[in-house]
2 protein chains.
Amino acid sequence: MDYLDLKVKFLKGFADRTRLEILESIKDAEKTVLQIVSEIHGNQSNISQHLACLKGCGIVTARQEGKYIYYSLRDEQVRRLLTMFDTVLGDVEQQVASCDKNDQCLCGKSELKCLTKRRIISP
Amino acid sequence: MDYLDLKVKFLKGFADRTRLEILESIKDAEKTVLQIVSEIHGNQSNISQHLACLKGCGIVTARQEGKYIYYSLRDEQVRRLLTMFDTVLGDVEQQVASCDKNDQCLCGKSELKCLTKRRIISP
DNA sequence: CAAACACATTAGTCAATACTAATATATGAA
DNA sequence: TTCATATATTAGTATTGACTAATGTGTTTG
């Protein structure tokens, strides 16, 4: 696994709604799995899997205390990165939101492909 | 599409090897599609699709000049973000690289699931 | 206008990934 | 030791996303 693969892996760690919700939830204080589960919608198995992912990507760390496992952001760098996402998004928001003709790749593709298809069927 | 969806979309824009290669390629100077295609491995269609994605995610911008279209990073913020990825990765590199037991989700899952399955079949 | 070039789009396929449900593991308490 | 609680893991399924090949669009040039 070369550096680029690593970078992709790290970035994919952030690129999911559930994981962003988890990060939001533990941004200011460490939480146990069940605390996270109850704060955001999720089911325990699903959240647990996402936490494993986040940990594997180096985004969060886990600390065991008795039967509880507390998850928190890995470090200040990660926190700063999360903050920076919001900063940059402020700029980009308009443009990204109005991107409603992108198909292919992830940029809202499937949702829009649906629309497209519907339009084809009944124009 | 709410703010979180937007954020996910934006971040997914970065979370792909080919797109990172494209970004690397245009980091310091705008390039045409064919220039990018020849610099990195890719085929024209594929690169074109990734460029559409990057544009739709607000990561790059395009400027037409005659029959050429020049792509470049959207702005300084995006450039700074790219730089920051590398900074943070420096810290995380060791941990992410050694994450070789994560299955599920994206963290290198499939590759490793293979290993796991092979191990199960012939231990 | 026709040919050549630069790029975008479409359709189809395959691989990657998120989710659910069920089960396993580990820890603390009765 | 047994039960309950907290979390992890597995397996299976459905969705999403990347890639290729073919075709379409727009722009310049002869």
Side-chain angles (χ1 to χ4, degrees), chain A residues 5 8-9 11-22 31-38 40-57 60 62-71 101-114 116-117 119-120, chain B residues 5 8-9 11-22 31-38 40-57 60 62-71 101-114 116-117 119-120:
Chain A
D5 288 328
V8 169
K9 178 173 173 176
L11 293 172
K12 280 192 177 174
F14 293 99
D16 174 86
R17 186 181 175 101
T18 303
R19 290 196 291 277
L20 284 183
E21 286 173 353
I22 292 174
K31 301 251 170 76
T32 69
V33 177
L34 283 186
Q35 281 179 316
I36 298 168
V37 166
S38 76
I40 70 188
H41 55 309
N43 95 9
Q44 183 266 321
S45 164
N46 189 16
I47 300 302
S48 213
Q49 288 172 59
H50 280 296
L51 283 168
C53 170
L54 287 166
K55 193 167 103 184
C57 294
V60 309
R63 168 180 86 78
Q64 178 153 15
E65 187 176 315
K67 64 179 171 179
Y68 297 99
I69 297 186
Y70 290 91
Y71 283 90
K101 66 180 276 287
N102 290 85
D103 44 328
Q104 282 309 83
C105 102
L106 18 118
C107 300
K109 166 188 172 190
S110 30
E111 191 181 304
L112 300 158
K113 224 174 188 176
C114 276
T116 307
K117 280 181 177 164
R119 220 178 301 133
I120 287 168
Chain B
D5 288 328
V8 170
K9 179 172 173 177
L11 292 173
K12 280 192 176 175
F14 293 100
D16 175 86
R17 186 181 174 101
T18 303
R19 289 197 291 279
L20 284 182
E21 285 172 354
I22 292 174
K31 301 251 170 76
T32 69
V33 177
L34 284 186
Q35 282 179 317
I36 298 168
V37 166
S38 76
I40 69 189
H41 55 308
N43 96 8
Q44 184 265 321
S45 165
N46 189 16
I47 300 302
S48 214
Q49 288 172 58
H50 280 297
L51 283 168
C53 170
L54 287 166
K55 193 166 105 184
C57 294
V60 308
R63 168 180 86 78
Q64 179 153 13
E65 187 177 314
K67 64 180 171 179
Y68 298 99
I69 297 185
Y70 291 92
Y71 283 90
K101 67 178 277 287
N102 290 86
D103 44 329
Q104 282 309 82
C105 101
L106 19 119
C107 300
K109 165 191 174 189
S110 31
E111 190 181 303
L112 300 157
K113 224 174 187 178
C114 275
T116 307
K117 281 183 176 164
R119 220 180 301 133
I120 288 167

Checklist outcome for this item: When every non-hydrogen atom of B:F14 is compared with those of A:L11, the smallest separation belongs to O-CD1, 3.7 Å
Checklist outcome for this item: In whole angstroms, the gap separating C1' of C:dA26 from CD of A:E65 amounts to 16 Å
Next on the checklist: For a side chain to side chain contact (heavy atoms under 4.5 Å, CB included) check, start with the C-alpha distance between B:I22 and B:K31, then their side-chain angles and the critical distance, and finish with the verdict.
Outcome noted: CA-CA 10 Å; B:I22 292 174; B:K31 301 251 170 76; over 6 Å; no
Next on the checklist: If you compare every side-chain N and O of B:H50 against the phosphate oxygens of D:dC19 (OP1, OP2), does one of them come in below 4.0 Å?
Outcome noted: yes
Next on the checklist: Regarding B:Y70, tell me which of base, sugar-phosphate or nothing describes its non-hydrogen contacts under 4.0 Å with the strands shown.
Outcome noted: nothing
Checklist entry - Rounded to whole angstroms, how far apart are CD1 on B:I47 and P on C:dA8? => result 11 Å
Next on the checklist: Closest-nucleotide mapping onto DNA chain C: is A:H41 or A:G66 further toward the 5' terminus? I mean the 5' end.
Outcome noted: A:H41
Checklist entry - Which nucleotide in the list C:dA8, D:dT7, C:dT17 gets nearest to the side chain of A:V33? => result D:dT7
Checklist entry - So, for A:A62 and A:K55, which heavy atoms are closest and what is the spacing to 0.1 Å? => result CB-CD, 4.0 Å
Item to check | D:dA6 base / A:T32 side chain donor-acceptor hit below 3.5 Å | outcome: no
Item to check | Nearest to side-chain heavy atoms of A:Y68, which nucleotide of C:dA18, C:dA6, D:dA6 | outcome: D:dA6
Next on the checklist: Before you tell me yes or no, could you show the steps for A:I36 and A:L51 under side chain to side chain contact (heavy atoms under 4.5 Å, CB included), namely the whole-Å CA-CA distance, both residues' side-chain angles and the distance that decides it to 0.1 Å?
Outcome noted: CA-CA 10 Å; A:I36 298 168; A:L51 283 168; 4.2 Å; yes
Checklist outcome for this item: For A:N43 and A:N46, the nearest pair of non-hydrogen atoms, with its separation, is OD1-N, 2.7 Å
Next on the checklist: Check this for me: does the side-chain of A:Q49 come within 3.5 Å of the base of D:dT10 through a donor and an acceptor?
Outcome noted: yes
Checklist entry - To the nearest Å, how far apart are B:N46 CG and C:dG12 C1'? => result 15 Å
Next on the checklist: It should be established whether A:R17 places a side-chain nitrogen or oxygen under 4.0 Å from OP1 or OP2 of nucleotide C:dA18.
Outcome noted: no
Checklist outcome for this item: B:G13 and B:R19 have their tightest heavy-atom pair at O-NE, 2.8 Å
Checklist entry - With respect to the side chain of A:K67, which nucleotide from C:dG28, D:dT7, C:dC19 is positioned closest? => result C:dG28
Checklist entry - Atom CD1 of B:I40 and atom C1' of D:dA18: how far apart are they, to the nearest Å? => result 13 Å
Checklist outcome for this item: Whole-Å distance, B:K12 NZ to D:dA18 P, equals 8 Å
Item to check | Under 4.0 angstrom between A:S45 side-chain N/O and D:dT9 OP1 or OP2 | outcome: no
Next on the checklist: Nearest whole Å is fine: how far is C:dA15 P from B:D16 CG?
Outcome noted: 17 Å
Checklist entry - Which nucleotide in the set C:dA18, C:dC7, D:dT20 lies at the smallest distance from any side-chain heavy atom of B:L34? => result C:dC7
Next on the checklist: Could you tell me how far apart A:I22 (CD1) and D:dT7 (C1') are, to the nearest whole angstrom?
Outcome noted: 13 Å
Checklist entry - Between the base of D:dA6 and the side chain of A:Q44, is there a donor-acceptor distance below 3.5 Å? => result no
Checklist entry - Rounded to whole angstrom units, what separation is found between the NZ atom of B:K31 and the C1' atom of C:dA6? => result 17 Å
Item to check | Any donor-acceptor N/O pair under 3.5 Å between C:dT9 base and B:S48 side chain | outcome: no
Next on the checklist: Using a distance-only criterion (donor-acceptor N/O pair, under 3.5 Å, no hydrogens), is the base of D:dT7 paired with the side chain of A:Q64?
Outcome noted: no
